[in-house]
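Inspection log for the structure reproduced underneath, given as structure tokens.
Numbers here are sequence positions counted from 1. If you're wondering where the values come from, they're calculated on a predicted model, not measured in any experiment.
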Amino acid sequence: MFTGLVQAIGQVYPIAGGLRVQCQGQQLAPLALGDSVAVDGVCLTVRKLTSDGFEADVSPETLSRTTLAQAGGWVNLEPALAVGDRLGGHFVSGHVDGLGVVRAIQSLGHSWRLELAWEDQSFDRYICDKGSITVNGISLTIAGTDAGASFWLAVIPVSWEQTTLKYLKIGDRVNLEADLLAKYVEKLLRSPASNAIDEHWLLQNGWTV
């Protein structure tokens, strides 16, 4: 589990059966074999530690569904959440739902307006004003949406400068993970048991007192 608060950035290079991640500048918190690290929003497991980063196994499925196959590409890095850590972002699983495309980037002086769209527009149902979304492993707040299935984010200077957002160009693809809570609520409401949700059910399941 992660929070979407990037701790460092690095570059990825393909190796036999996986990826090598090289940290740049600020280093990650100490890692151990078997630790989980979000690499551009994709949860990977450390299989080998190196002097400047780590190596991780990556399946062909992951490479085909995310942006991690770009050799030398810049990536955001976040180690797994530890018990007692602050939740400054939102709950992020590290399981990418789909890819998005950068539609527009606009500098607004003291912030940036980043417009994105899902490649698979069926995921647009998880988008709502002031909701949360993970973009390349970064926890961001949706500032607005339009009828054309795109949405935009207001990015502050800290998020822009300390992550890979500053490297994005129009037409680039990004890893997107919808809000975990939204997906669970959708699943619950679509199940047959959802018809039985009433005051008695809420009381039995601890939602009311």
Between [X] (side chain only) and [Y] (backbone N and O only), is there a donor and an acceptor less than 3.5 Å apart?
| X | Y | value |
| --- | --- | --- |
| Thr62 | Val58 | no |
| Asn175 | Asp40 | yes |
| Gln7 | Glu78 | no |
| Asn76 | Asn136 | yes |

Over all heavy atoms of both residues, which pair between Ala16 and Arg47 is shortest? Give the atoms and the distance, please.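 Closest approach of Ala16 to Arg47, heavy atoms only: O-NH2, 3.3 Å.
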
Taking all heavy atoms of Leu77 and all of Cys23, pick out the closest pair and write down the distance.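 Of all heavy-atom pairs spanning Leu77 and Cys23, the closest is CD1-SG, 3.8 Å.
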
Kindly check if the number of other-residue, nucleotide or ligand heavy atoms within 6.0 Å of CZ (Arg65) is above 12?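 No, because the 6.0 Å sphere around CZ of Arg65 holds 12 heavy atoms or fewer from other groups.
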
Count the heavy atoms of every other residue, nucleotide or ligand shown that sit under 6.0 Å from NZ of Lys130, and state whether that count exceeds 12.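 Yes - once you tally the heavy atoms of other residues, nucleotides and ligands closer than 6.0 Å, there are more than 12.
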
Which distance, rounded to the nearest 0.5 Å, do you find between the [atom1] of [X] and the [atom2] of [Y]?
| X | Y | atom1 | atom2 | answer |
| --- | --- | --- | --- | --- |
| Thr3 | Arg86 | OG1 | CZ | 12.0 Å |
| Ile156 | Gln162 | CD1 | CD | 9.0 Å |
| Leu140 | Thr134 | CG | OG1 | 8.0 Å |

Transitive ILVMFWY side-chain link [X] to [Y], under 4.5 Å:
| X | Y | result |
| --- | --- | --- |
| Ile105 | Ile142 | yes |
| Val174 | Leu5 | no |
| Leu176 | Val155 | yes |
| Trp152 | Ile138 | no |

Could you verify whether a donor N or O on one side chain and an acceptor N or O on the other, from Glu55 and Thr50, lie under 3.5 Å apart?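 No, because no side-chain N or O of Glu55 sits under 3.5 Å from a partner of the opposite role on Thr50.
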
Just wondering, do Leu153 and Ile133 contact through their side chains at under 4.5 Å, heavy atoms?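 Side chain of Ile133 against side chain of Leu153, heavy atoms only: contact under 4.5 Å found.
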
Carboxylate-amine/guanidinium proximity below 4.0 Å for Glu161 and Lys166: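 No.
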
So Trp160 and Trp112, would you call those rings parallel, tilted or perpendicular, with 30° and 60° as cut-offs?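 The rings of Trp160 and Trp112 lie parallel, inter-plane angle below 30°.
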
With side chain to side chain donor-acceptor pair (under 3.5 Å) as the test, pick out the partner of Tyr126 among Glu177, Lys183, Glu186.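 Exactly one candidate clears the test, Glu186.
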
Go through the structure and list residues passing side chain to side chain donor-acceptor pair (under 3.5 Å) with Ser107, not counting sequence neighbours.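 Per chain and number, Ser107 pairs via side chain to side chain donor-acceptor pair (under 3.5 Å) with no residue.
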
